[in-house]
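For reference, the structure discussed in these notes is given below.
Computed from a prediction, not measured in an experiment: that's the story for all the values here.
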Amino acid sequence: MESSIYVCLLSILLFCHIIPFTRSFNSSFQSRCHDDESSALFQFKESFIIDNTFDDCYPKVESWKLVKGERGDCCSWDGVQCDEETNHVISLNLANSCLYGSINSNNTLFRLVHLHSLNLAWNDFNLSQIPSQVGRLSRLTHLNLSFSGLSGQIPQQIFNLSRLISLDLSLCGYGLKLHNPSFKDLVQHFTNLKVLHLSSMNISSKVPELLANFSSLESLRLSGCALQGEFPVGIFQLPNLKILDLSYNPDLKGYLPPFQLKSALKSLILSESNFVGELPSSFGNLAYLEELDIYRCNFTGKIPYSLCNLDKLVYLDLSFNHFSFHSPSISSFSWIGNLTKITTLGLADLNLKGEIPSWLVNLTQLSEVNLGYNQLTGPIPSSLAKLSKLKYVYFWNNQLSGQIPFQIYNFTSLSGLILSSNELQGSIRSNISQLKNLEILDLRSNNLVGSVELSSFLQLKKLTILTLSFNSLTLITKTSTNASTPDFLVLGLAFCNLTEFPRFLHNQDMLESLDLSSNNIKGEIPSWMCSISTNSLDYLNVSHNLLTGFEKDPAVLQWAKIRILDLRYNRLHGSFPLPPQSTSSYRISHNKLVGKVSALLCNLSALETLDLSFNNLSGRLPHCLGNLGDSLSLLDLRRNNFNGSVPSTWRNGCKLKMISISYNQFQGQVPRSLAKCSSLELIDFGNNHIIDSFPSWFRNLEKLRILILRSNGFFGLIDRPQTKGFSNLRVIDLSHNNFTGKLPSTYFEIWDAMKVINASLMTYMEDSMWSDDWHYPFTNYGQYDYSMLMYNKGLELEYRKIPSILTAIDFSYNKFEGEIPDIIGNLQQLYLLNLSNNLLNGHIPSSLANLTELECLDLSRNMLSGKLPPEQSKLTFLSSFNVSYNQLEGPIPRGNQFDTFEQSI
């Protein structure tokens with residue numbers, strides 16, 4: 001009886017323990033995730049392609065599984081986090097998860113209405129817009145869509161996310177806009193933000209003053225947002241602000257206020273913005289500052305010594321500002337030697353003098369140093385090799401001399417050695433091949449000599465940028481086409497004594513910049529050369545060689561992305577090779593091309609520079625050429641055999657700066673539509689068959705400096721101007737035409753640029769050929785020099801570079817009559833005055849003695865009478881003086897330059 005009671009009690013006891021255990025066991029294997037949320041997540045996964053070609057991405061969603069008939073526990077999926085109590089999905093982190101595809105308002109992602117945090121950064125959403133359905137995720141506190149390939153306007157519905165404390169939409173894609181709604185609207189709705197990152201978004205507005213009230217703000221990144229106006233200075237004083245990045249906003253103005261002692265600021269990045277004024281002496285109060293980047297701002301004044309107190313600095317770049325120094329010696333920066341945590345140092349273009357400082361060796365953590373664009377002299381110290389973590393050395397554009405230290409060749413950690421535009425001597429050692437980590441080697445424009453084997457560089461498998469141009473090197477290129485070579489992006493081999501196209505180029509499919517100019521490469525351009533890097537090449541220069549043509553004459557050159565193509569100064573013959581539609585600069589002058597220019601040229605809608613001068617091209621120009629004025633700024637067609645009328649379809653907004661069509665056979669009139677090209681600086685229509693009256697309407701071209709109409713059929717009076725004009729005109733050549741009437745004295749009154757010129761700095765008329773591409777610093781773009789031909793001292797003189805101070809009037813060989821007006825003496829900066837071979841009479845005005853800069857004066861073959869004014873002896877620069885074949889009498893004035901001339905007329 002007792003035993004049966006005992007068994008019964010034991011059974012009850014066991015049952016009571018087993019039931020809870022069973023329930024606990026079953027619940028541990030039950031799915032925590034809600035069915036609708038697991039389904040939404042899985043459908044979200046299925047709406048994208050997994051693209052493993054993205055750099056270093058990890059496809060988290062590949063592990064997500066749903067088995068039919070079973071409940072999947074999405075709370076255990078990679079990147080998913082659920083609430084411990086409700087089991088709703090509250091966090092989704094799929095950053096850098098290899099996702100590719102579009103995202104729209106139907107996407108199941110927007111069913112996850114309990115989300116607090118959403119991170120889809122570093123994926124590619126194929127330029128999708130942010131869907132308006134994002135407003136359904138109203139519980140979000142953290143949203144990160146950075147680097148995700150989004151575009152379009154930010155939707156109004158994003159303002160439903162009123163709980164946001166962190167918003168990162170930076171570098172989503174360059175088409176992402178914040179216009180309507182605006183930046184101000186966004187700031188007004190998200191007043192609790194701690195993190196706001198909008199870098200590379202197109203904002204194009206002022207920074208709202210309201211941001212200065214965001215006391216919780218810790219990080220503000222607005223790099224490259226086209227910001228305007230003045231930056232609210234109060235933002236610098238926010239008590240919790242640690243990171244402030246306003247870089248790459250050139251229209252954003254601002255100044256730095258005094259900094260408070262307890263500032264939390266760790267990172268201050270203002271590079272390439274328009275911050276001005278002096279750096280405050282209170283900079284030393286920024287005790288936590290680790291990064292200070294003011295590269296290419298407009299700061300002035302002295303650099304405060306308090307910067308030496310910033311002992312936590314890791315990144316310091318003061319380059320390209322306008323600081324003043326008691327002494328511009330780099331030794332004045334010796335305090336930097338005490339900031340031993342610095343890994344990146346930039347002191348470029350501060351006009352520093354002296355030798356590379358010894359205190360650099362104290363910076364044992366230094367990874368990158370830029371001392372370029374200064375006036376540093378002396379050798380490169382071998383002690384640099386002691387900086388074992390140094391990877392990038394930028395010493396370019398100085399006056400460094402001596403040889404490259406042999407210790408550098410043992411510096412195996414080095415990734416970039418940039419020494420271009422110095423005065424370095426000696427040879428390049430063959431053991432440069434030991435620098436196995438080298439990615440950039442830039443030795444352009446030095447005095448390096450000797451022969452160097454190309455194979456020494458081809459062994460450097462990480463090398464992507466190699467420039468040896470403009471030394472006195474002989475590059476030996478005996479390399480098999482099958483040899484393994486690095487994948488170059490930039491190659492500069494100009495002036496390297498090459499006699500053929502290097503065969504290793506056969507294997508180069510990623511080149512963006514290639515310079516083979518100023519060599520001795522002969523013969524035809526081989527077909528394989530026209531097939532390299534067809535989808536990447538941006539810049540190609542083979543000018544100044546001995547090339548005769550193409551092995552296979554291309555109808556259109558095949559480099560699909562090329563922008564700058566330079567084939568000048570060769571011996572190219574045959575028909576005009578048409579560049580690709582991507583071309584912005586096409587220079588093929590000084591060759592032997594024949595035939596017509598195809599109308600397909602008008603399809604080059606990005607063309608900015610077209611130089612076909614000094615060839616044998618003929619026929620009529622395509623009528624549509626004027627339509628290129630929306631982009632074209634430089635047009636040089638000199639010394640060909642073109643005929644027909646000058647292109648006349650120039651439109652409003654025309655960007656033309658220079659048009660030179662001299663020495664052709666153009667006919668008709670000057671096209672009136674050129675008046676729409678308000679940027680014109682040089683017009684040269686000389687030596688054609690144009691028949692027209694004087695184009696007085698050119699006076700409205702305020703930037704016009706040179707006007708040449710020589711040797712045409714221009715005729716008639718030069719009318720009195722109705723309004724002022726030609727205010728910048730410095731050179732005018734109307735010689736060898738049929739102008740009549742009196743000299744245009746009213747014009748002499750208004751040609752102000754011939755009266756006063758600042759000659760303190762010699763410059764030349766030119767147009768920069770630079771590109772904003774990343775490889776610009778390593779590519780020798782040079783500039784386009786304006787040039788012209790004039791008669792000076794009786795000789796035809798070509799100005800290959802036109803000095804900005806040159807002033808000249810040539811009205812010779814016309815039918816001007818009457819007296820030389822006194823007012824011409826006001827043009828006190830004239831260098832050349834030629835009024836010869838006209839019908840001028842009367843006396844030579846004494847006011848010509850005011851032309852104290854005059855070097856050439858020709859009044860010959862007129863009907864001038866009387867004596868030479870004795871005041872002309874003041875013309876101390878006069879080297880050519882001709883008044884022959886007139887009716888003058890008496891002696892030539894004595895003194896100064898006139899003592900070198902004959903003493904009778």
Query - Pair Y394-E368, side-chain hydrogen bond (donor to acceptor under 3.5 Å, both in side chains): steps then yes or no - result: CA-CA 8 Å; Y394 294 87; E368 179 176 331; 4.7 Å; no

Please check if any side-chain donor atom of [X] sits under 3.5 Å from a side-chain acceptor atom of [Y], or the reverse.
| X | Y | answer |
| --- | --- | --- |
| Q783 | D767 | no |
| D515 | S469 | no |
| S223 | S247 | yes |
| S513 | T779 | yes |
| H197 | S146 | no |
| S804 | T763 | yes |
| N398 | N374 | no |
| D442 | T467 | yes |
| E355 | T377 | no |
| N351 | Q375 | yes |
| S543 | N541 | yes |

Checking [X] side chain against [Y] main chain: does a donor-acceptor pair fall under 3.5 Å?
| X | Y | result |
| --- | --- | --- |
| D311 | L313 | no |
| N545 | N570 | no |
| W122 | D55 | no |
| S582 | I562 | yes |
| N422 | F395 | yes |
| S413 | S388 | yes |
| T344 | Y315 | no |
| N321 | I294 | yes |
| N370 | A348 | no |

For a 4.5 angstrom cut-off between non-hydrogen side-chain atoms, does [X] reach [Y]?
| X | Y | value |
| --- | --- | --- |
| F406 | N431 | no |
| L400 | L376 | yes |
| L265 | K242 | no |
| T485 | Q508 | yes |
| L634 | D611 | no |
| L516 | L540 | no |
| I336 | L345 | yes |
| M510 | L489 | yes |

Query - Those residues that, when tested against C308, pass disulfide (SG to SG under 2.5 Å) (two or more places apart) - result: none

Query raised in the report: Can we call the ring centroids of Y255 and F275 under 6.0 Å apart?
Result: no

Query raised in the report: Between F778 and W396, does the ring centroid distance fall short of 6.0 Å?
Result: yes

Report summary line: The single option from F495, Y569, F470 that satisfies ring pair (Phe, Tyr, Trp, His ring centres under 6.0 Å) with H544 is Y569

Requested in this report: Give the intermediate values and the outcome of side-chain contact (heavy atoms from CB on, under 4.5 Å) for residues L390 and S367.
Outcome: CA-CA 4 Å; L390 194 58; S367 172; 5.8 Å; no

Measure across [X] and [Y] and return the closest heavy-atom pair with its distance rounded to 0.1 Å.
| X | Y | value |
| --- | --- | --- |
| C98 | F54 | CA-CD1, 3.5 Å |
| L463 | I440 | CD1-N, 4.0 Å |
| L557 | F550 | CD2-CE2, 3.7 Å |
| N437 | K462 | OD1-NZ, 2.8 Å |
| T340 | N362 | CG2-O, 3.9 Å |

Report task. Carefully, step by step, assess E423 and N446 under the rule side-chain hydrogen bond (donor to acceptor under 3.5 Å, both in side chains). Result -> CA-CA 5 Å; E423 298 171 9; N446 278 286; over 6 Å; no

Any chance [atom1] of [X] has more than 12 other-residue heavy atoms, nucleotides or ligands included, within less than 6.0 Å?
| X | atom1 | value |
| --- | --- | --- |
| K461 | NZ | yes |
| N52 | CG | yes |
| K386 | NZ | no |

N/O donor-acceptor pairs under 3.5 Å from side chains in residues 520-530, not counting sequence neighbours:
unit_1	atom_1	unit_2	atom_2	d
S527	OG	E551	OE1	3.3

Report task. Could I get the full list of ring-ring contact (aromatic ring centres under 6.0 Å, His included) partners for F323, not counting sequence neighbours? Result -> none

Report summary line: Rounded to the nearest 0.5 Å, the CG atom of N447 sits from the OG atom of S472 at a distance of 7.0 Å

Report task. Supply the atom-to-atom distance L441 CG to L460 CG, rounded to the nearest 0.5 angstrom. Result -> 8.0 Å

**Report entry** Parallel, tilted or perpendicular, as decided by the 30° and 60° cut-offs, for the rings of F504 and F488
**Finding:** perpendicular

Query - F333/F325 under ring-ring contact (aromatic ring centres under 6.0 Å, His included): CA gap, chis, key distance, verdict - result: CA-CA 11 Å; F333 286 88; F325 307 95; 5.7 Å; yes

Query raised in the report: On the ring face of F320, is R296 found with NZ or CZ under 6.0 Å from the centre and within 45° of the axis?
Result: yes

Requested in this report: State whether Y764 and K801 meet the cation-pi test: NZ (Lys) or CZ (Arg) under 6.0 Å from the six-membered ring centroid, and within 45° of the perpendicular axis.
Outcome: yes

Requested in this report: Step by step, work out the side-chain contact (heavy atoms from CB on, under 4.5 Å) result for V276 and F299.
Outcome: CA-CA 5 Å; V276 298; F299 288 110; 5.9 Å; no

